[in-house]
Amino acid sequence: MGQFKQLLLGKPLKSDEEGGQKLTRFKALAMLSSDALSSVAYGTEEIALVLVTLSAAAMWYSIPIAAFVLVLLLSLTLSYRQVIHAYPGGGGAYKVSSDNLGKGAGLVAGGSLLIDYMLTVAVSVSAGSNAIVAAIPALYGHQVVISLVIITILTILNLRGMSESANFLMIPVYFFIVMILIMIGTGLFKILTGQIPFTAAAPIGAVVPGVTAALIFKAFSSGSSSLTGVEAISNAVPFFKKPRAKNAAATLTIMAAILGVFFAGISFLNYWYGIVPMEKVTVLSQIADKTFGGQNIFYYLVQFATAFILTVAANTGFSAFPVLAFNLAKDKFMPHNYMDRGDRLGYSNGILTLAIGSGILIVMFGGDVSRLIPLYAAGVFIPFTLSQTGMILKWWHERPKNWVWSATANLVGALISFAILVILFTYRLAEIWPFFVIMPALVYLFHKINQHYKNVAEQLRLMDNEATYHQFDGSTVIVLVSSVTQVTKNALSYAESIGDYVIAMHVSMDENPDKEKEIQSEFTKDYPNIRFVDIHSSYRSIVKPVSRFVDVISRNAAQRNYSTTVLIPQFVPNKNWHFALHNQTALRLKQTFMRRENIIVATYSYNLKK
C-alpha cells in the first residue's frame, strides 16, 4: 500500500523542503487564476441565456451589462490588492471580516467561501465536460462521469504538491490565453476590415418591448459569475515566493487585466455576430466558428483550449479551499485535522474534503452549469460584500495616507456586490434557497466545534495549586481470554508484570460446551496462580457480559484503592487485507470501555509472521 501511494503521489518531502513548493508569479498565475480566466467561457453565455428569454433583440443589453461587470472587476481588484498587503498571511475575506466586522461575519464569509470553492470545482469541471462534449458529440450524456474522472485526476495532482500541480497547469492555462487572444484579435481585425458584417438583431440603444428591470438585474447577476475566483489569490498569499505580498498583488493585477480584456472582447464579438445560445453548442464555440470561418484547425484549438482550462479551473478551488480550512481550523472552528500536512506538504484533508463535496454536487445537479451558477454567485458575493465592507472600516479606524481613495474603491465594490446579492435574493430565490439552509447549519457547526475545543482546553488546563492526581495503592488487571494461545500466554505475562491482582476472564457460549470445559481445564492447569472467571452468555454476546463483569470488578477495586485495567489481547496479521478475515471483537470492546471513567483500556498486540 505504501509503495502504491508513493508511486501515485511521489516521495514524501521533508518539512525544510517547503521552499521548493513556493510559487513564482508565472506559476501562480497558472495555478490560481484558472478559475477566473476560465469563467469567460460561460460568463457571456449566462448573460445571453437570460436576455434571449425575451428576444434576440434584447441581446444588445449585454454590452452595458458587461461594462458594469468590468467596473466591479476593477473595484474588486483594487480591494483585494489592499487585502493582500494588509493580510500577507492569507485568509482573504475570512480574515478581513473577522478582524473588522466580528467573528460572526468572518464565519459567514469563511463558510460561504468553503461552499463556493466546492461550487467552483463543480461548475468548472461541469463546464469543462460540456466543452469536451461540444467538441466530441459522441460523448453527449456522459458529462457526469467525465466530470468525476476529472475531479479524481485533479485530486491526485494536488496531493502531489503545489509545484508539480503548477507545472502541469501552465500548459492549459497559457495555451488558453494564447488561443483566446488570437480569436479576439482575429475577430476584431475581420470586423474592422469589413470581412464580418454587423449581424446583431438590434443596434445598441434600440427600444425592445418587454424589457424589465428584473430581466436586466438577473442577466447582470449571472454575468457577474465571471468574477468568481478573483479572491483566490488573496487567500493563498503564503504560497508565493518572497516578497510574497508584492508577488501576489502583481499576479492579481495581471490576472484581472487578462480577464477584463477577454470578457470585454468575447461579449462584444457575441453581440456583433448576433449569436444566441443553442443546446449542445456553447456560445464560445459559435464565436470561434464565426471568427475562423468554420470548424477548421483554429476552431478546434479554441475548443480544446477551453475544455482544458475549464477542466483545470477547478484547481483554484483545490488551492484555496485547504488554506481557508487551515485558517478556520487554526481558529478552532474546524477540526484540527485540516492543519495537518500530507507527505507532499499539502493540506491533504482539505483537498480530499473538497473533492468529495464537489463530486456530490455534480451528481446532485446532474452536471448542469446553469443550475449551479446562481448558488455559485451567492457563495462568492456574500464574502465579496463582507470583505470590502470590512476594509472600509479598517481604513476608517487606521486612516493611513490616501485612505479615502482606498475606502472609495472598497465602497464602490461593496455597493455593487450588495446590489447583486439583493438581485439574487429578489429574483432568484427559488434557485439559491439551499444556500440559506446550508449556511446557518455550517455556522452552527463552526460554533459547536469551537465550543468543544474550548471545553477540552478548560478541562485539561492546569491551574495554580490544582495539579493534583490520585495515588493508587495497587492495580487490578483483567485479561480477556478466548482460548489458551501464544497471544494469551504473552498477554498474561505482561499483566503479571504491571498488576498486583490479575484476573483472566472468558465468555462461554452454548454452541460447544465440551470445548468451553476444555479451555477452562487447560487454563487452570497452565496458570494455577491466576484467577479464571468464566461468564456464560446465552445470547452469544461478548461485549455485554464483559462490560457487566468489568463494572463489578472496577467497583471492588475502587474500594481497595486499586486501579482497573482491561487488557485486550489481539494478534496483528502480516498483511493488511488479512484484517478483513477476522472479527473485530477487540475494537468493539475498546469502544465500549473508552467512555468508562476510572477504567484503563490497553491492547496487547501479537504480530503474526506470515
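All values below come from the heavy atoms of this structure, side chains included, with hydrogens, waters and symmetry mates left out.
- No side-chain donor-acceptor contact under 3.5 Å links Thr44 and Asn270.
- Shown here is Lys103, whose NZ atom has more than 12 heavy atoms of other residues, nucleotides or ligands within 6.0 Å.
- Between Lys218 and Ile423, the closest heavy-atom pair is N-CG2, 4.0 Å.
- In terms of modelled atom types and a separation under 3.5 Å, the side chain of Arg244 and the main chain of Val237 share no donor-acceptor contact.
- Going from atom CZ of Phe240 over to atom CD1 of Ile233 covers 5.0 Å, rounded to the nearest 0.5 Å.
- Annotation: Tyr453, atom OH; neighbour count of heavy atoms from other residues, nucleotides and ligands within 6.0 Å is above 12.
- Side chain of Thr24 to backbone of Lys27: a donor-acceptor contact under 3.5 angstrom is found.
- With rounding to the nearest 0.5 Å, the separation of CD1 in Ile356 from OG1 in Thr155 is 8.5 Å.
- Note on ring orientation: taking the six-membered ring where Trp is involved, the planes of Phe304 and Phe308 are tilted (angle from 30° to 60°).
- Rounded to the nearest 0.5 Å, atoms CD1 (Ile180) and CD1 (Ile309) are 8.5 Å apart.
- Within 6.0 Å of CZ in Phe268 there are more than 12 heavy atoms belonging to other residues, nucleotides or ligands.
- Checking side-chain atoms of Ser417 against main-chain N and O of Ala414 turns up no donor-acceptor pair under 3.5 Å.
- The shortest side-chain heavy-atom distance between Asn450 and Phe333 falls under the 4.5 Å cut-off.
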Verdict with supporting geometry, Trp395 and Gln82, side-chain contact (heavy atoms from CB on, under 4.5 Å): CA-CA 10 Å; Trp395 301 138; Gln82 296 164 1; 3.3 Å; yes
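- For the atom pair CD1 (Ile258) and OG (Ser33), the distance works out to 6.5 Å, reported to the nearest 0.5 Å.
- The shortest non-hydrogen separation linking Lys330 to Met339 is CA-SD, 3.6 Å.
- Using a 4.5 Å cut-off on side-chain heavy atoms (C-beta onward), Val96 and Lys394 make no contact.
- Between Phe425 and Phe436 the shortest side-chain heavy-atom distance falls below 4.5 Å.
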side-chain contact (heavy atoms from CB on, under 4.5 Å) evaluation trace for Lys95 with Val83: CA-CA 9 Å; Lys95 294 296 290 182; Val83 170; over 6 Å; no
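- Under the 4.5 Å side-chain criterion, counting only non-hydrogen atoms from C-beta, Asp116 is not in contact with Ser112.
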Verdict with supporting geometry, Val108 and Ile382, side-chain contact (heavy atoms from CB on, under 4.5 Å): CA-CA 8 Å; Val108 171; Ile382 287 175; 3.8 Å; yes
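- A cation-pi arrangement is present between Arg399 and Trp396 under the rule of less than 6.0 angstrom and at most 45 degrees off the ring axis.
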Candidate pair Ser147 and Ser129, rule side chain to side chain donor-acceptor pair (under 3.5 Å), full reasoning: CA-CA 6 Å; Ser147 297; Ser129 65; 3.3 Å; yes
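- The shortest side-chain heavy-atom distance between Leu114 and Leu328 falls under the 4.5 Å cut-off.
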CA sep, side-chain torsions, deciding dist, call: Ser75, Gln388, side-chain contact (heavy atoms from CB on, under 4.5 Å): CA-CA 10 Å; Ser75 175; Gln388 296 199 74; 3.6 Å; yes
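- Of all heavy-atom pairs spanning Phe263 and Gly43, the tightest one is CE1-C, 4.2 Å.
- Put simply, CZ on Phe321 and CG on Asn158 are 12.5 Å apart, with the number rounded to the nearest 0.5 Å.
- Summarising the geometry of Ala48 relative to Pro277, their closest heavy-atom pair is CB-CG, 3.7 Å, with the distance given to 0.1 Å.
- Side chains of Thr353 and Met118 form a contact here, defined as non-hydrogen atoms less than 4.5 Å apart.
- The shortest heavy-atom contact between Ala329 and His336 is O-CD2, 3.5 Å.
- Within the 4.5 Å cutoff, the side chain of Tyr271 has no heavy atoms near those of the Ser267 side chain.
- Considering all non-hydrogen atoms of both residues, Ala105 and Leu386 come closest at O-CD1, 3.6 Å.
- Contact annotation: the side chain of Phe220 never approaches that of Ile47 to less than 4.5 Å [non-hydrogen atoms, C-beta and beyond].
- Between Tyr174 and Phe26, the gap from one ring centroid to the other is short of 6.0 Å.
- Distance alone, capped at 3.5 Å, is enough to place a donor-acceptor pair between the Asn247 side chain and the Lys241 backbone.
- Between Tyr80 and the choices Leu78, Leu76, Thr77, the side-chain contact (heavy atoms from CB on, under 4.5 Å) rule is met once, by Leu76.
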